[in-house]
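In what follows, a structure is listed as structure tokens, so that the remarks can point back to it.
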Amino acid sequence: MHAKVFVSLKSSVLDPQGKTIHNSLRNLGYGTVQDVRQGKFFVIKLADGLGKETARQEVEKMARSVLTNPVIEEFTYVIE
Amino acid sequence: MHAKVFVSLKSSVLDPQGKTIHNSLRNLGYGTVQDVRQGKFFVIKLADGLGKETARQEVEKMARSVLTNPVIEEFTYVIE
Amino acid sequence: MIIETEITPEIVKQHGLTDEEYDRIVRILGRYPTLTELGIFSVMWSEHCSYKSSKPHLRRLPTGGSKVIQGPGENAGIVDIGDDYAIAFKIESHNHPSFVEPFQGAATGVGGILRDIFTMGARPIAAMNSLRFGPLDKVQNRHIMEGVVAGIAAYGNCFGVPTVGGEVVFDECYSLNPLVNAFALGIFKKDRIFYGKACGVGNPVIYVGSKTGRDGIHGATMASAEFDEESESKRPNVQVGDPFMEKLLLEACLEAMKTSAIVGIQDMGAAGLTCSTCEMGGRAGTGIEIDLQFVPQRETGMSPYEIMLSESQERMLLVAERGREDEVIRIFKKWEIDAVVIGEVTADGLLRVKDCGVVVAEIPNLALTEEAPVYNRPLLKPAVTSSSTPHPALGTSSLQSADWGDVLMHFLSSPNLGSREWVFRQYDHMVRTNTVQVPSADAAVIRVKKTDKALAMTLDGNGRYCRQNPRRGAAISVAESCRNLVCVGAEPLAATNCLNFGNPEKPEIMWQFSEVIDGMAEACRLFATPITGGNVSFYNETLGEGISPTPVIGMVGLIQPVTLVRGSWFVHESDLVALLGDPVGIDEEYEDAVTNAFQWCLTRPELSDPYTSWVNRLPCPPIDLKKEAKVQKTCLEAIHGGLLISAHDCSDGGLVVALAEMTFSHLRKPAIGATIELPEGYRLENLLFAEYQSRILVTLGEKDLPKLQELAGRNSVTLLPLGTVGGNRLRVNWGPRVLIEKEVAEMEKVWKNSLTRFLVDSI
Amino acid sequence: MKFGVIIFPGSNCEHDVYHMIGKVLGEPVQFIWHQSRDLGDCDAIIVPGGFAYGDYLRTGAIAKFSPVMESVRTYADRGGLVIGICNGFQILLEAGLLPGAMLKNKGLKYVCQFVHIRVENNQTPFTSDQCKGEILYIPIGHMEGNYFADGRVLRQLEDNGQVVFRYCTSGGDITETSNPNGSQNNIAGICNAQRNVLGMMPHPERASEVLLGSDDGIRIFKSMVRSFVYS
Ligand SMILES: Nc1ncnc2c1ncn2[C@@H]1O[C@H](COP(=O)(O)OP(=O)(O)O)[C@@H](O)[C@H]1O
Ligand SMILES: [Mg+2]
């Protein structure tokens, strides 16, 4: 079983990386690009026997307390 | 229209970041975690009028030539 | 004026304003304020911006001197270093943000202090930081420390300023209140200084840098309130730093300043656009009118209130000569930075803010700056200031059999005494190719290209001493910072300070503050090191728990010629080791406490950090400032006379810890031991480990001993030959007894592990 | 011999290199703005360290598209001397002037310290003044210096003598503990097959005066001058 956790900066928070990438894409002629935001993701391999609901709880807990700082980041996740 | 490009290290390349997170998750008592790999993603806002096929071509081009380094990274993407 | 929101007492309270302050606002305006105006007043009258509690005390600090070009009141103090060069330096706190989001909080702290320096036209050439955390055995403290250090590294390294020094202290009182004080120093030609003044009616006001977003709205008021569980909800205040943008801003500003088209310039720090406009107008006695529709914005639908109070980083406000704005804007465009005329300087002394032509705020600049409220808050000396309750003297007999070598090894492994390499290895401390003395010497040393000068700098604070005796503790911080400079061969020039305290509304805290100022003022006068600027951080309290009063001194000195620079370690076999200054001070209470604390500690093998446990049971050590000055004078004269090979300050951990530190390897210089004969006639544990001030360990060639003796005699300073450098062990003898005999390699290993044993494998 | 020093937005060692060439080595030197395609009459190009474009996407990833890099490529193809230091090395990798890529340091932290490096090949214009096996004392300062190339490329590098510097102990041994960043085969610097393009993570300009702790670094530039004069 795998969980994927996607972490991104809250939309109100400045994303200097995304901004810089956006600028250079535009300078390189990718005129159709209107905005870029950067995030990170984690692919977490979980013990197979784990029930879906337990997995969900575990993943939410670690995403909230370890993988993100809720002050500036938010996350989504999927379990596959 | 949005494109999401997911970039990860090729599996042949060691991912110490994922390993470190794995270790600390384990130390914090998340015993069900068996492996962690870390990647990054870009959310790219594209001009609305763009056809799906053009979008696809544009995104692939920028992913290949700008957003990743093919020596160490690989990517997938979705267009929404 | 359109009053869009009715100002209820509830709203006033949310803005941290008292009823009296609100009445005063209404009197000043002659009407009720708009919400935007209320916001502007609230940030400018906050403790952070107005210094309303500290101002009456700060006035007692010496601030002038023949070399001071600019004292407190500008973005940074400026000191003349000769040969047409001047330096600008300052220290600032970013404590609260670093607690909430360690990485970004610390990073933006570095960004802020760098802007304070280059806004004056100086190119930053060195940075330092003073850090305080809770003990590392707690995960949360490790997490904060890792984030803070990484954040400082990320910002400073990318910007391209070498982070050359600082200090790190661990104490329980900083667990929920970590302190992050960032220092920066820049250099420029004396005739190229820029001030934050909006001169010249009709001159355009130009906004440059990052776009404005809803960042840190109310950061200034946040830094002026205690923390509680509710602060969770205040969290969106945290800002993200963009060091790349700051680097571009630096280059563009310095390039624009060369055109002579710039009249005044100021960074937008706390309270952003509000603070920079009213302060620039206030200093020049002019008014400023801006229209917010021209302000570059990152988000849509921002209200005037939000735009005025935003604390988005990497922004500057400048006033250019009328007619030359395009010249200025072109330079910023070259660096791909937004630069927009948003208003002009007026004659009426008002800050007038329009939104698409409609006035949304109109306030006299001076009402926001110089005429902001000032409070003489009540002071109260706490009943017991000394927490080390005196123990009955147990006599020294039970210490007779102590294994002092073992004690030394334990002390060296303390996070409070061990190597800081884990920290400074993450900082680029060599960029700009000026770093003569890398971190780990008593002070950092930076050469000044195109001259034969070098600058030495150090940060020193001691919350532990100040908790016991705020006045003496502050004086010791000044003395120690000067001593550190003297040890590397520098003459102290001037200082900046960062005063970290608890809640000023508590009379005991205000008393501590007042005492600290007096102690600092006395010492700074004596050492002729004026305070040219600084920062006050109050409300370092979480859930009612406050920090020890923690004043941090940033001291800067001059070495000329640069070849005089000295290290703080043993260099050659057979050099002599000697102590400048009295081996122990005179203070019976302290002396007894040292003995008692050892007896307490040595019977407790379970202590995880015996040094910290021991030292926490001691009162503030004595200091005789006049004697201190003589010791420092002697050391400096000896270095200038070519008598000394190295010099090292004896401070935390006392004489033996200082000796051990001198044995360690440094860059390509291998570790090297020494044999030391301690004088008899003193209480042993006092001689070995007590933290008496006014002592400097020196090494010299044997042939220079008579000259040094003569010099010390002339200055009435004790000079005590202690032994000889050589071998691969540190041997300390006392009469017939061998007290300590340790392999240098073994000592160096535990010393180097003091932080890494906690920090290596965690994220 | 005239040196050109490229400035990207975010470069921060350009002045250091400029000072070293002009003041310590005493050779003519000029800056070249990243938007320029004109390398003037420079006899060697230095791509200096720093954080071009903040290193925000990947190190060197955005800088490689600068107009000046096209000229640098042409220049290198014609045999011109190019040296990339730290971020400059990373840019040359991204631009494909040198093979391989940089990963984050194995400790995941920025590392600033002096290191020892061993000269592995002195048959290059950058090392002709040194002996094979000689040890230099030069600082590093980077977050991404963990050199990576796939097995085939790595073998080629080794077989062709393109590994110019390796991290080593003070005695010259190639060990794991002397490797500060996890770099494959302790690689600290490599050159192209033609030997006219060098990339190295250590900063020779930071070790160019005794006052700064070492002057071993200046010898790389002395080599360049010598090979230029005799070429
Ligand atoms: N502890 C202090 N001692 C002396 N001057 C101080 C102290 N704290 C602040 N100042 C001075 O007060 C002025 C305002 O400080 P501050 O608000 O921190 O500046 P900024 O607006 O640049 O952040 C500065 O000139 C500063 O040097
Ligand atoms: Mg300021």
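Computed from heavy atoms alone, side chains included, the values below leave out hydrogens, waters and symmetry copies. Numbered from 1 within each chain, the chains take letters A, B, ... in sequence-line order. Every value quoted in this text rests on a predicted model; they were computed, and no experiment measured them.
- Using a 4.0 Å cut-off between a side-chain N of Lys or Arg and a carboxylate O of Asp or Glu, K2(D) and E27(D) do not qualify as a salt bridge.
- Ranked by heavy-atom pairs shorter than 4.5 Å toward chain C, the options V17(D), D55(D), L212(D) are led by L212(D).
- L248(C) touches chain D through its side chain: at least one heavy atom from C-beta onward sits under 4.5 Å away, while N, CA, C and O do not.
- In this structure, D338(C) pairs ionically with K211(C), as a charged nitrogen and a carboxylate oxygen lie closer than 4.0 Å.
- Neither the backbone nor the side chain of Q437(C) comes within contact range of chain D, judged by heavy atoms closer than 4.5 Å.
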May I have the step-by-step check of side-chain hydrogen bond (donor to acceptor under 3.5 Å, both in side chains) for Q426(C) and K109(D), ending in yes or no? CA-CA 7 Å; Q426(C) 295 184 56; K109(D) 291 187 170 63; 5.4 Å; no

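- When heavy atoms are compared at a cutoff of 4.5 Å, S11(D) approaches chain C solely by way of its backbone atoms N, CA, C and O.
- Contact annotation for Y56(D): only side-chain heavy atoms (C-beta onward) come within less than 4.5 Å of a heavy atom of chain C.
- Salt-bridge annotation for E209(D) and R447(C): present, with a side-chain N of the basic residue lying under 4.0 Å from a carboxylate O of the acidic one.
- Residue K749(C) qualifies as open at atom NZ: its count of foreign heavy atoms under 6.0 Å is 12 or below.
- Between E748(C) and K752(C) there is a salt bridge, with a side-chain nitrogen of the basic residue lying less than 4.0 Å from a carboxylate oxygen of the acidic one.
- In terms of heavy-atom pairs under 4.5 angstrom with chain D, the leader among M430(C), R432(C), K449(C) is M430(C).
- In the displayed structure, R668(C) atom CZ is contacted under 6.0 Å by more than 12 heavy atoms of other residues, nucleotides or ligands.
- Ranked by heavy-atom pairs shorter than 4.5 Å toward chain C, the options H19(D), M20(D), E205(D) are led by H19(D).
- Between the side chain of S227(D) and the backbone N or O of S223(D) there is at least one donor-acceptor pair closer than 3.5 Å.
- Side-chain atoms of N186(D) and N179(D) form a donor-acceptor pair, as typed in the model, at a separation below 3.5 Å.
- Both the backbone and the side chain of D242(C) have a heavy atom closer than 4.5 Å to some heavy atom of chain D.
- Identified by a heavy-atom distance below 4.5 Å to chain C, the contributing residues of residues 126-142 of chain D are Y137(D), P139(D), in residue-number order.
- Geometrically, K334(C) engages W33(D) in a cation-pi contact defined by less than 6.0 Å to the ring centre and at most 45° from the axis.
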